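Notes follow the structure.
Chain letters run A, B, ... following the sequence lines, proteins first and then strands; every chain starts at 1. The structure displayed is predicted, hence computed values, not measured ones.
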Amino acid sequence: MARKGYDHRKVEEVAQKKWAGLDLYSTDLRDEEKEPYYLLIEFPYPSGDLHIGHWYAYVVPDIYARFKRMQGRNVLFPIGFDAFGLPAENAAMKNGADPRRWTEENMARMREQIRSMGTSLDWSKEVVTCDPSYYTWTQWLFLKFFEQGLAERREAPVKWCPKDRTVLANEQVIDGACERCGTEVEEKQLTQWFLKITKYADRLLRDLDALPWREDIKEAQRAWIGESEGAKLTFSLETAATAASLGKAEVFTTRPDTIFGATYLVLAPEHPMVEGLIDFVQNPAEVRAYRETTSRKTERERSENKDKTGVALAGVVAVNPASGERIPVYIADYVLASYGTGAVMAVPAHDERDFEFARRFRLPVRHVIAPRRVDERNPHLPDKELVKRNIIVGIVRNPKTGNYLGLSWKKQGWISFITGGIEEGEDMVETARREIAEETGYTNLRYVRTLGGPVHVEFYAAHKDVNRIAYANHLLFELEDETRAEVSKEEQDLHEALWLDEGKLTRDQMDHAQMDLILERLRSDDCAYTDDGVLINSGTWTGRDNREVIWEMVESIGGERVKNYRIRDWLVSRQRYWGCPIPIVYDPEGAAHPVPPEHLPWLLPEDVDFTTSDAAPLASSQELKERVTKLFGEGWTPECDTLDTFVDSSWYYLRYLDSKDEGDFSDQAMLKKWLPIERYSGGSEHTTMHLLYARFFHKALYDLALVPESEPFVERYNRGIILGPDGQKMSKRWGNVVNPDDVVKQYGADAVRVYYAFMAPYNESGHYVWSDKGVESARRFLDRIASLADTVGDADASEALMQMIARTARKIAEDAERFKFNTAVAALMVLVREFEGQEEVSRTAYHDLLRLVAPFAPHLAEHLWEETGGERSVHEASWPEGAIAASAEATVIVQVNGKKRGELLLAVDAGEEEAVAAARGLEAVEKALAGQEIAKTVYVPGRILNLVVV
RNA sequence: GCCGGGGUGGCGAAAUUGGUAGACGCACCACGCUUAGGACGUGGCUCCCUCGGGAAUGGAGGUUCGAGUCCUCUCCCCGGCACCA
């Protein structure tokens with residue numbers, strides 16, 4: 001091994017020049033021979049500070065692009081720049097630079113850096129979103145949306161970032177703070193442009209199912225869209241005193257089955273009806289004050305403080321459409337104006353939030369769903385009379401000992417709490433006191449509380465010979481002292497009282513099928529029961545299963561079955577300069593009109609003072625004002641907001657297919673040929689933003705017949721995150737940012753590529769600590785491959801080596817499909833070791849090796865290919881898929897009772913008898929058998945032989 | 001809290017989908033080369049051990065000839081959503 005590594009700088013420079021000379025990476029989109037493969041990576045924002053983590057995003061997909069080309073596919077692997085955005089503007093404000101120049105300088109630098117990685121990206125189709133030739137089509141598409149009613153201007157509460165001085169989309173607000181700068185967002189009522197993504201919520205959700213994406217990505221989108229199925233129910237509002245009609249309030253609920261338990265109604269403070277109702281309430285000042293306070297609260301303040309607040313609309317009542325009951329009406333900020341109908345029917349017995357509110361405002365709790373428990377030890381018997389009863393279960397605790405009072409049933413051997421039927425009109429607490437006294441003698445009891453609502457318990461009551469349904473009400477008492485009255489002879493014959501410690505309170509010990517609920521309710525203070533069960537106190541529905549009748553109930557009260565979504569319309573207006581101008585003008589009356597297509601691109605003005613303006617910077621442009629006046633007339637005014645940059649990036653992948661076209665946004669024939677994109681690789685931070693927006697855009701364009709498919713991306717891969725060498729997120733603040741230029745200077749681009757490929761599987765959400773040692777190790781591996789060149793000769797390669805090459809080629813191809821380049825590189829390492837064992841390496845074999853190495857280390861492979869007499873470029877060579885001969889022999893693992901005791905080299909078609917005989921020849925096997933008889937043998941030819949001796 | 005994804009050596013990870021657990025690397029240890037260090041080479045490297053083996057894939061059970069892989073329960077970590085009715 002004479003060679004001590006290679007001169008990577010020279011090798012890289014020469015190779016990159018050679019590829020440029022051969023024009024290897026300009027994809028011919030119209031090629032008819034090769035099958036197309038569209039591989040997409042998220043195009044970068046030209047921030048100017050490309051760190052080593054960015055390499056991960058480019059070089060690993062590049063390995064795949066190169067591999068696919070060698071497999072004979074016509075690979076489209078394009079790139080561009082997402083070039084509008086705030087940082088350019090902020091830099092401009094800070095340094096007085098021009099945003100366009102700042103952006104262009106950064107792009108120039110990044111093009112060089114990305115090329116230096118040895119990427120095979122196709123720059124000939126580059127798109128730059130801030131170029132008028134691009135954004136003219138962004139504007140054109142926006143106007144298409146406008147024509148379809150998918151772009152709409154309306155007043156709405158919006159999230160405002162005071163630091164960036166612009167509104168934000170919901171997706172850009174994280175925990176009530178601006179996603180970009182962390183400033184707490186404010187809520188403002190503004191007139192803004194929205195794209196109606198909510199119209200597509202259902203399809204965005206449904207179409208996810210068929211996509212072969214990772215489940216966590218799909219789940220994140222599902223959660224973001226947030227579908228819930230329920231009903232809209234209408235409550236009439238009237239004055240309490242005179243029953244004069246005050247209109248109708250529509251509520252959205254997912255639990256219309258609990259309608260009989262609605263004990264009050266809540267409107268969001270911002271609900272449009274409230275304004276009108278104020279005239280009729282007895283406490284208008286209070287209502288106004290509450291609305292004022294809530295409107296001043298930020299999103300974060302509202303969600304941080306979950307204590308319920310609200311104000312009654314005194315004198316207003318709502319009529320329950322199911323029961324006709326009149327119930328009070330409140331406004332409270334736990335009801336959101338922006339979700340559902342902005343109004344809810346409150347069912348404290350079966351909704352935790354309503355329960356909390358009811359407790360605070362002392363509103364009644366009415367149970368209408370009873371959990372169902374069936375006593376499996378005592379099930380209903382056929383042909384027995386069914387008797388329903390309301391009962392109490394008296395639970396008596398002795399606070400001194402912590403024990404509970406039970407009854408031991410003499411004949412039956414049961415242990416239970418004290419139970420008894422409630423007579424018509426009898427008070428439950430009185431019933432319980434009476435029963436406890438009669439059955440146990442204890443009379444000095446303090447009533448503590450009732451444990452939740454009634455429980456529906458089904459069992460066969462042997463002593464009465466009937467099938468029973470008991471609605472059990474659990475009442476908790478505490479023993480005040482041991483005072484005991486005498487217990488009658490009859491009762492004493494049936495059972496005797498005994499004290500149970502807490503550990504005895506289990507279903508195993510106690511004769512109550514509802515023990516789980518009793519324990520749960522004893523442990524924590526009672527709260528809402530939100531599960532399913534049997535309807536009670538619900539008029540004619542009483543006794544029915546809630547899920548069975550839920551939609552019948554909706555129908556019977558004139559409700560409407562609807563789906564509701566958490567996702568809100570996409571707010572796209574930005575009060576910033578460096579973005580795509582919204583191609584809208586306003587007539588003197590203030591009505592919005594599209595800028596006619598002949599005036600596109602609707603250019604971003606340049607005479608803008610964006611450093612001082614507090615409103616939209618475009619408002620300061622004289623040129624824009626004059627332009628509008630000139631084209632549309634006196635009194636017409638421009639739209640001064642720009643579009644969210646996520647609009648620009650929602651369709652860029654379509655533009656790659658015809659990036660220079662001045663007559664259309666893309667090319668229909670090419671869209672048909674190249675869509676959908678086979679694989680889209682990016683970062684997890686875009687799951688509920690870019691990725692969702694792009695899917696929405698694509699569906700809207702599909703409905704406009706502008707694209708041929710309704711989903712843009714077949715597969716989506718989210719890569720892991722590269723941490724600094726200290727295990728922290730790379731950041732200038734920590735001083736742990738790894739500079740790619742330094743690393744590449746020392747180890748070479750190929751070493752970094754191999755390091756990233758080998759580090760871990762790509763499509764996983766892991767965090768990986770950057771390690772110089774890892775790159776060093778990758779470099780050592782490359783040096784070994786380079787050293788092999790010195791041993792290349794003209795001899796033929798052994799069949800064994802050629803077989804190993806073929807198997808490795810297949811292994812890498814399989815791993816590459818799943819982006820598991822870590823195991824692919826491992827296989828290459830094993831193969832290289834095999835090469836190192838040869839005295840002379842055959843040229844053909846070595847060239848095969850270089851072809852396998854080429855996607856990973858494209859520069860070195862090219863250099864060695866040329867050095868050892870390869871033609872043109874290794875990157876034009878095909879993937880070496882040799883035939884793999886079936887091997888005649890295989891290692892069979894010999895086990896005794898499932899434990900490995902040895903191995904055998906056997907013909908793959910060896911029979912069981914032969915295998916057993918051979919195995920018995922192994923000393924370790926005989927020893928393990930220890931003379932015992934073989935009861936059973938399991939033989940999988942070519943794999944395993946298990947001898948079982950009981 | 002709800003939903004999703006995961007827990008395998010000191011670390012990154014493998015494991016033909018029920019058939020040799022830890023491939024391939026990093027780090028570490030020993031030896032060799034060397035004046036020395038580095039680089040390189042050879043070997044070792046889950047734990048325990050009386051050197052025959054034994055235990056081990058977060059934990060506890062189960063199914064199976066055989067379980068990292070399948071089932072039940074449970075603990076922990078990561079991600080998403082969260083006053084969404």
Self-check item: Structure string for RNA chain B in dot-bracket form, Watson-Crick and G-U at under 3.5 Å, | interchain
Solution: (((((((..(((......[....))).(((((.......))))).(((....)))..(((((..]....))))))))))))....
Exercise. Using a 4.0 Å heavy-atom cut-off across all strands, classify A:S228 as base, sugar-phosphate, or nothing.
Key: sugar-phosphate
Quiz item: Quick one: do A:K900 and A:E903 make a salt bridge, cutoff under 4.0 Å?
Solution: yes
Quiz prompt | Set of ring pair (Phe, Tyr, Trp, His ring centres under 6.0 Å) partners for A:Y56, sequence neighbours left out | solution = A:Y756, A:Y762
Practice problem: Indicate whether OP1 or OP2 belonging to B:A85 is found under 4.0 Å from a side-chain N or O atom of A:T254. | Solution: no
Quiz item: A:E227: what forms a side-chain hydrogen bond (donor to acceptor under 3.5 Å, both in side chains) with it, not counting sequence neighbours?
Solution: A:Y565
Side-chain donor-acceptor distances from residues 258-267 of chain A under 3.5 Å, at least two apart:
{"residue": "A:T258", "atom": "OG1", "partner": "A:R255", "partner atom": "O", "Å": "2.8"}
{"residue": "A:T263", "atom": "OG1", "partner": "A:P364", "partner atom": "O", "Å": "2.9"}
{"residue": "A:Y264", "atom": "OH", "partner": "A:D354", "partner atom": "O", "Å": "2.8"}

Quiz item: Residues in ring pair (Phe, Tyr, Trp, His ring centres under 6.0 Å) with A:H690, at least two apart?
Solution: A:Y680, A:H686
Quiz item: Quick one: ring pair (Phe, Tyr, Trp, His ring centres under 6.0 Å) partners of A:W55, sequence neighbours excluded?
Solution: none
Enumerate all atom pairs, one protein N or O and one N or O from nucleotides 60-71 of chain B, separated by less than 3.5 Å.
{"residue": "B:C65", "atom": "OP1", "partner": "A:K936", "partner atom": "NZ", "Å": "3.4"}
{"residue": "B:C65", "atom": "O2'", "partner": "A:N946", "partner atom": "ND2", "Å": "3.1"}
{"residue": "B:C65", "atom": "O2", "partner": "A:N946", "partner atom": "ND2", "Å": "2.5"}

Practice problem: Could I get the full list of ring pair (Phe, Tyr, Trp, His ring centres under 6.0 Å) partners for A:Y693, not counting sequence neighbours? | Solution: A:W570, A:F646
Quiz item: Got a sec, which residues hit side-chain hydrogen bond (donor to acceptor under 3.5 Å, both in side chains) with A:R561, two or more places apart in sequence or on another chain?
Solution: A:E229
Practice problem: Indicate whether OP1 or OP2 belonging to B:A85 is found under 4.0 Å from a side-chain N or O atom of A:Y339. | Solution: yes
Quiz item: What does nucleotides 1-15 of chain B look like as a protein-contact string, B for base, S for sugar-phosphate only, - for none, at under 4.0 angstrom between heavy atoms?
Solution: --SSS------BSSS
Practice problem: Return the set of residues passing side-chain hydrogen bond (donor to acceptor under 3.5 Å, both in side chains) with A:E215 (not counting sequence neighbours), or none when no residue passes. | Solution: A:R222
Quiz prompt | All side-chain hydrogen bond (donor to acceptor under 3.5 Å, both in side chains) counterparts of A:N564, not counting sequence neighbours | solution = none
